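Below: one structure, written as structure tokens.
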Amino acid sequence: MEILKLAVSGWFARALAVAARLEIADILDDGSMTAAELAERTETDPDVLYRLLQMLTVPGILERDGEKFRLAEAYAPLRADHPFTQRHFAILSAELYDDAFAGLMHTVKTGRSGFQEVFGESLYEYLETHPETAELFDQGMIDLAAPVAHCLVQQHDFTGAKTVVDVGGGSGGLLPGILAANPGLNGVVADRASVCSRGTAALGRVRDQEVLDRISYVPSDFFASVPAGADRYLLKNVLHDWTYDNCVRILRTIATAMAESPADARLLVLEPLVENDIDGWRAMFQAVACDEGTLGLDEPAMRRALEEGGFTVESVTQLPTGHKVLEAALRAS
């Protein structure tokens with residue numbers, strides 16, 4: 001039975017994605033509805049939708065209340081209006097990422113990218129030519145960033161900092177939470193031009209216009225240059241996408257930019273490191289979908305990369321989100 005549960009688990013991920021696309025969690029909100037009522041709201045076949053709803057009770061996403069279904073409290077983040085929504089990332093994982101895992105055998109046998117094998121191009125090349133998926137990717141990254149920002153501002157003191165640069169920050173999902181907690185701080189997103197062009201629209205869920213006014217976008221190639229002279233530089237879930245050598249290249253680019261920063265400027269690397277068996281699934285995803293040859297880094301490897309990149313690690317802390325925060329200063333030359 002345990003084998004069967006695991007073998008069909010991908011079906012449940014797809015069912016979750018379909019429910020998220022149909023906005024079932026949003027429609028239910030804190031109430032309950034019958035399959036027929038939900039089918040009318042979602043313009044779906046009532047009999048088939050009933051089976052989908054039944055299916056979603058198995059992992060506990062939905063709960064039965066007689067003939068009605070309600071969203072389980074633990075799955076409230078499936079709602080788009082939840083402050084820490086995971087709706088978009090759930091869809092991204094169960095669709096694009098799951099499709100990429102069709103190349104898992106190729107990765108295991110060759111060590112090469114399963115994503116490249118399935119789609120014929122890298123993840124970021126694919127996003128450049130598939131705008132709808134790129135927008136979903138942007139929103140999924142914002143989903144992941146909001147809880148991290150909430151935790152980071154409780155651990156790191158941004159007092160006195162005037163500018164923070166989020167390197168490879170996507171649409172800037174990390175910045176609203178940081179800027180809201182630090183009224184005197186301005187945020188800059190340094191990412192690919194296509195991502196920056198979508199940035200303002202992607203942050204449409206942020207209601208505080210004053211915070212949005214403090215976020216700007218600078219198209220950048222973090223292997224070449226990023227905005228210089230800031231007080232804080234952030235790298236969240238960036239380095240784990242790349243091989244060790246490419247991590248060092250990115251860090252050296254930031255070190256060059258920080259050479260023009262105040263003496264108290266700092267780089268914060270936020271990464272869910274690969275250090276235990278339970279982290280193996282993340283490392284496998286990196287091997288399948290990220291820079292070819294990527295297998296994840298543990299803390300000693302991340303420290304070495306920072307040192308080779310021109311930094312001195314001053315502290316390491318753990319966030320409740322599973323990220324380690326390595327705070328680093330530019331090494332004196």
Side-chain angles (χ1 to χ4, degrees), residues 10 12-26 61 75-102 114-115 118-119 121-152 166-178 189-192 194-206 215 217 234-242 270-272 281-286 288-291 294 319 321-323:
F12 287 92
R14 291 281 176 164
L16 175 64
V18 169
R21 283 198 177 276
L22 292 173
E23 301 180 353
I24 286 175
D26 305 86
I61 299 168
Y75 288 88
L78 284 174
R79 297 201 318 266
D81 65 352
H82 191 279
F84 299 126
T85 181
Q86 296 297 296
R87 175 179 179 269
H88 308 92
F89 186 73
I91 298 170
L92 180 69
S93 297
E95 294 182 352
L96 180 66
Y97 289 170
D98 187 61
D99 287 343
F101 260 75
F115 195 100
V118 173
F119 294 102
E121 55 191 343
S122 72
L123 169 62
Y124 294 112
E125 289 170 336
Y126 181 88
L127 294 176
E128 289 293 330
T129 56
H130 294 77
E132 289 187 7
T133 304
E135 289 177 12
L136 175 64
F137 182 87
D138 292 346
Q139 293 298 329
M141 296 307 100
I142 294 171
D143 285 358
L144 294 182
V148 178
H150 175 75
C151 295
L152 179 63
D166 190 2
V167 179
S171 298
L174 194 63
L175 291 177
I178 295 173
V189 179
D191 211 311
R192 292 171 292 129
S194 60
V195 178
C196 290
S197 69
R198 299 189 302 267
T200 302
L203 289 182
R205 69 176 83 169
V206 178
I215 298 175
Y217 296 85
L234 306 176
L235 276 171
K236 185 196 76 69
N237 287 43
V238 171
L239 297 182
H240 73 190
D241 283 352
W242 301 94
L270 295 86
E271 285 286 349
W281 67 270
R282 187 183 301 112
M284 185 58 76
F285 168 76
Q286 292 161 8
V288 169
C290 299
D291 188 24
T294 302
L319 296 183
T321 57
H323 293 75

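We count residues from 1, following the sequence as given. This structure is a prediction, so every number in the text was calculated from the model and none was measured.
For Glu271 (side chain) and Val238 (main-chain N/O), a donor-acceptor pair under 3.5 Å exists by modelled atom type. Judged purely by atom type and a 3.5 angstrom limit, Asp191 uses its side chain to pair as donor or acceptor with the backbone of Gly170. Remark: side-chain polar atoms of Arg79 are not paired, donor with acceptor, to backbone N or O of Ala25 under 3.5 angstrom.
A distance of 6.5 Å separates CZ in Arg192 from OH in Tyr124, rounded to the nearest 0.5 Å. The distance from atom CG of Leu16 to atom CD1 of Ile61, rounded to the nearest 0.5 Å, is 4.5 Å. Considering CZ of Arg198 and CG of Leu203, their distance stands at 12.0 Å, rounded to 0.5 Å. A distance of 7.5 Å separates OH in Tyr217 from CG in Leu175, rounded to the nearest 0.5 Å.
The shortest side-chain heavy-atom distance between His240 and Pro272 falls under the 4.5 Å cut-off. The side-chain heavy atoms of Val189 and Ile215, taken from C-beta on, include a pair separated by under 4.5 Å. Side-chain contact between Leu152 and Thr321 is absent, with no heavy atoms from C-beta onward closer than 4.5 Å. Thr129 places a side-chain heavy atom less than 4.5 Å from the side chain of Glu121. In this structure, the side chains of His323 and Asn237 come closer than 4.5 Å at one or more pairs of heavy atoms.
A salt bridge links Arg205 to Asp143: at least one charged side-chain nitrogen sits closer than 4.0 Å to a carboxylate oxygen. With respect to the salt-bridge test (charged N to carboxylate O, under 4.0 angstrom), the residues Arg14 and Asp99 qualify.
In this pair, Tyr97 and Phe89 present their aromatic rings perpendicular. The plane angle is above 60°, beyond the 30 to 60° band. Classified by interplanar angle (parallel below 30°, tilted 30° to 60°, perpendicular above 60°), the ring pair His130/Tyr126 is parallel.
Contact record, Ala100 with Phe115: CB-CD1, 3.5 Å, taken as the closest heavy-atom pair.
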